[in-house]
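Input: a single structure, listed below in structure tokens.
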Amino acid sequence: MAAAERHNASDAPVHHSLKYSLLGPSLTKAGQDSVDQSKVSEIIYNASKGSKFFNNEETRDKSLTDKISKILARKRQLERLDVSSDLRRADDYVAELELGRDLSQVIVHMDCDAFYAAVEELDRPELKDVPMAVGKGVLTTCNYHARKFGCRSGMAGFVAMKLCPQLICLPLNFEKYSAKAQEIRAILAEYDPRYESASVDEAYLNLTQYCEEHRLTPEEAVRQMRAEVHEKTKVTVSAGIAANAKLAKIASNQNKPNGQFRIASDRQTIMDFMKTLPCRKVNGIGRVFERELDAVGIKTCGDIYAHRAYLSQLFGQKAFQFLMQCYLGLGRTNIQPAEDYERKSVGTESTFREMSSPTELREKLRHIADELEGDLKRTGFKGRTLCIKIKLHTYEVYTRQMTPPFAIHLADDLYKYGLPMLEKLMKEIPSMKLRLMGLRVTHIVSLKKPEIDFFGRQRLASSNKLSTSSKLSSNDGWEVWPEAEFEEAARQERDEEMNELEKLSQEHEEQKDFTITERAPDEEPAPDQEPEKWPCPICTLPQPPDDKSFNSHIDFCLSRQTIKEAIKSTTPAPPLPTEKPQAATSSKPAPARRKRGRPKSGASTTDNGREKRRAFFTGGT
DNA sequence: GCCACCCGA
DNA sequence: GTTATCGGGTGGC
């Protein structure tokens, strides 16, 4: 007994960061201000101790500690070096950002309070007065009674039960939640028809126009909107009002639940607000990045400035830019429907009881392939690259990818190309026991005929809003090109891609090892073909799309180039990620074992109620 | 330019 | 007894 206690006492301080990490990713969420975190932490720690999950967390914690000591060593090194050029670059960047600061928009982030739990409470009002959570295994959310006990979203169910034995856990009912979400969205649309849903229960709105037209202050408009939502749907929402999305998001957490908060749109107010704001409050800074920043002496966004000369070298260019924008309180002001964002991948994965038998694992893969086929059918995509993911019983994760000779979407193909990767992993990791398997396709190709624009994004059903709204970014270049011409060009490009794909597929069926035809420049054109120089020097299409002549194809390509250039040159600041062409070979041998990458990214939205995401590290101001 | 891995929501 | 899905960044090669 005494020995055990002594042991506890001695290893507790060592595990300080681990305990903090075990508190979970949603530590900054509302409702736990009055909670004794150290007590909660002890309970979680003791409930988890010794489990495989815990051991994995411990490993991760150690390697993060190692990584941090490297960062610190690098920092000490930099402090002895001449960083004046980095300092100047940082100051130039600040000046540039400051020039682009836009305080003219009224951006609102609205967030439903404990949404899933709130919806369940509507059906069963008696649950309002007791601690209750939604989600089995892992809590998806919980009501404010439960939060008083330290329960939080993302927490393991059994841990939550340790914290609060009387906790009632309900199963998820997504249909119910999306139905309610639709009711709410209908109201949001009255305030901003181009509102952007960030997830089922969150949305961004630009109320600039609404406030002007109705002669309302932002506070009044938001109060009215929240009241209307509450009245019509019986759900309470919190909201943040500010000059940009990043600030609005932070503000919406300020007076939760059922409250609102405005950060006034003047520079000094914003700077003062950021000065004392803990970094972790910013969307995109999670547990890991928080620890890294803390280690170099950055706890609040205000602290960032003093370290500006080192950030790029310590955390990378993107993180540097992101952090400087945090310091200045800058964020994006363009709010747009989630459908305007381009999906990049479709995948599925599932956790199961540990298994190691090759036969069972193959069956599992087949099942996942079936699932993915269903998802691809529903969403209307094929994928050029197939990725497999496995999680061992130790929680170690491995991924492998390969590129089939043509874009795939059928379960048979998903399985056929996935299996070799799985088999190879089984060889590399003797007697491996798995707890999760997943498949995902990337470099996806849309099979949907309708409305795909040059960038692969879906266009709006009703495009009139775009051209008529004067306030809304007239600088994005859309208006430059007549609608009809645009549509036609988009249609052509679609058709060409389809043709190319079909060709590739057929080609494959005929000859096993297909390679992109790369003809030597001096080679003779095939006899009965028109004078041409395939592959196309502009779009690299290997051969004539359908019955198009080379010249007409070139015309099309050239016009498309100029359109793209026009759009690019009229598009404002943020350096968009460069377009990445695709093509790949099969998977490589596995060096394996842990490494650490850099953080960055986030935000999720839904198309039909499902997930999607977007970047803020790249997001402009 | 691809791949594997990691982070965050 | 610790999820599922997606986007993005980094570093190695």
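Naming: A, B, ... by sequence-line order, numbering from 1 per chain. Scope of the values below: all heavy atoms of this structure, side chains included, with no hydrogens, waters or symmetry mates. Fair warning: this is a prediction, and the values are worked out from it, not measured in the lab.
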Quick one: does any side-chain atom of [X] pair with a main-chain N or O of [Y] as donor and acceptor, under 3.5 Å?
{"X": "A:N56", "Y": "A:F53", "value": "no"}
{"X": "A:Y395", "Y": "A:K391", "value": "no"}
{"X": "A:R440", "Y": "A:K389", "value": "no"}

Send over the distance from [X] [atom1] to [N] [atom2], rounded to a whole Å.
{"X": "A:L163", "N": "C:dT2", "atom1": "CG", "atom2": "P", "answer": "17 Å"}
{"X": "A:F352", "N": "C:dG1", "atom1": "CZ", "atom2": "C1'", "answer": "16 Å"}
{"X": "A:Y177", "N": "C:dA4", "atom1": "OH", "atom2": "C1'", "answer": "15 Å"}
{"X": "A:F289", "N": "C:dG9", "atom1": "CZ", "atom2": "C1'", "answer": "11 Å"}
{"X": "A:D375", "N": "C:dT5", "atom1": "CG", "atom2": "P", "answer": "7 Å"}
{"X": "A:N55", "N": "C:dG1", "atom1": "CG", "atom2": "C1'", "answer": "14 Å"}
{"X": "A:I444", "N": "C:dT5", "atom1": "CD1", "atom2": "C1'", "answer": "13 Å"}
{"X": "A:R353", "N": "C:dT3", "atom1": "CZ", "atom2": "P", "answer": "17 Å"}

Considering only heavy atoms and no angle criterion, is a donor-acceptor pair shorter than 3.5 Å present between the side chain of A:S350 and the base of C:dT3?
no

Is the phosphate of [N], meaning OP1 or OP2, less than 4.0 Å from a side-chain N or O of [X]?
{"X": "A:R400", "N": "B:dC5", "result": "yes"}
{"X": "A:R435", "N": "C:dT3", "result": "yes"}
{"X": "A:R60", "N": "B:dC7", "result": "yes"}
{"X": "A:K344", "N": "C:dG8", "result": "yes"}
{"X": "A:T348", "N": "C:dA4", "result": "no"}
{"X": "A:T140", "N": "C:dT3", "result": "no"}
{"X": "A:Y398", "N": "B:dA4", "result": "no"}

Nearest listed nucleotide, side chain of [X], among [options]:
{"X": "A:K318", "options": "C:dT3, C:dT10, C:dA4", "answer": "C:dT10"}
{"X": "A:T351", "options": "C:dA4, C:dT2, C:dG7", "answer": "C:dA4"}
{"X": "A:V138", "options": "C:dT3, C:dG7, B:dC3", "answer": "C:dT3"}
{"X": "A:K162", "options": "C:dT10, C:dG1, C:dG7", "answer": "C:dG1"}
{"X": "A:T399", "options": "B:dC5, C:dT2, C:dG7", "answer": "B:dC5"}
{"X": "A:L436", "options": "C:dA4, C:dT5, B:dC3", "answer": "C:dA4"}

With sequence neighbours excluded, residues passing ring pair (Phe, Tyr, Trp, His ring centres under 6.0 Å) with A:Y327
A:Y305

Report the residue (A:E349 or A:F54) whose heavy-atom-nearest nucleotide on DNA chain C is the more 5′ of the two.
A:F54

Comparing A:G347 and A:K391 on DNA chain C - which has the more 5′ nearest nucleotide:
A:K391

Under a 4.0 Å N-O cut-off, is there an ion pair linking A:K427 with A:E423?
no

Excluding sequence neighbours, so at least two apart, what forms side-chain contact (heavy atoms from CB on, under 4.5 Å) with A:K281?
A:L277, A:P278

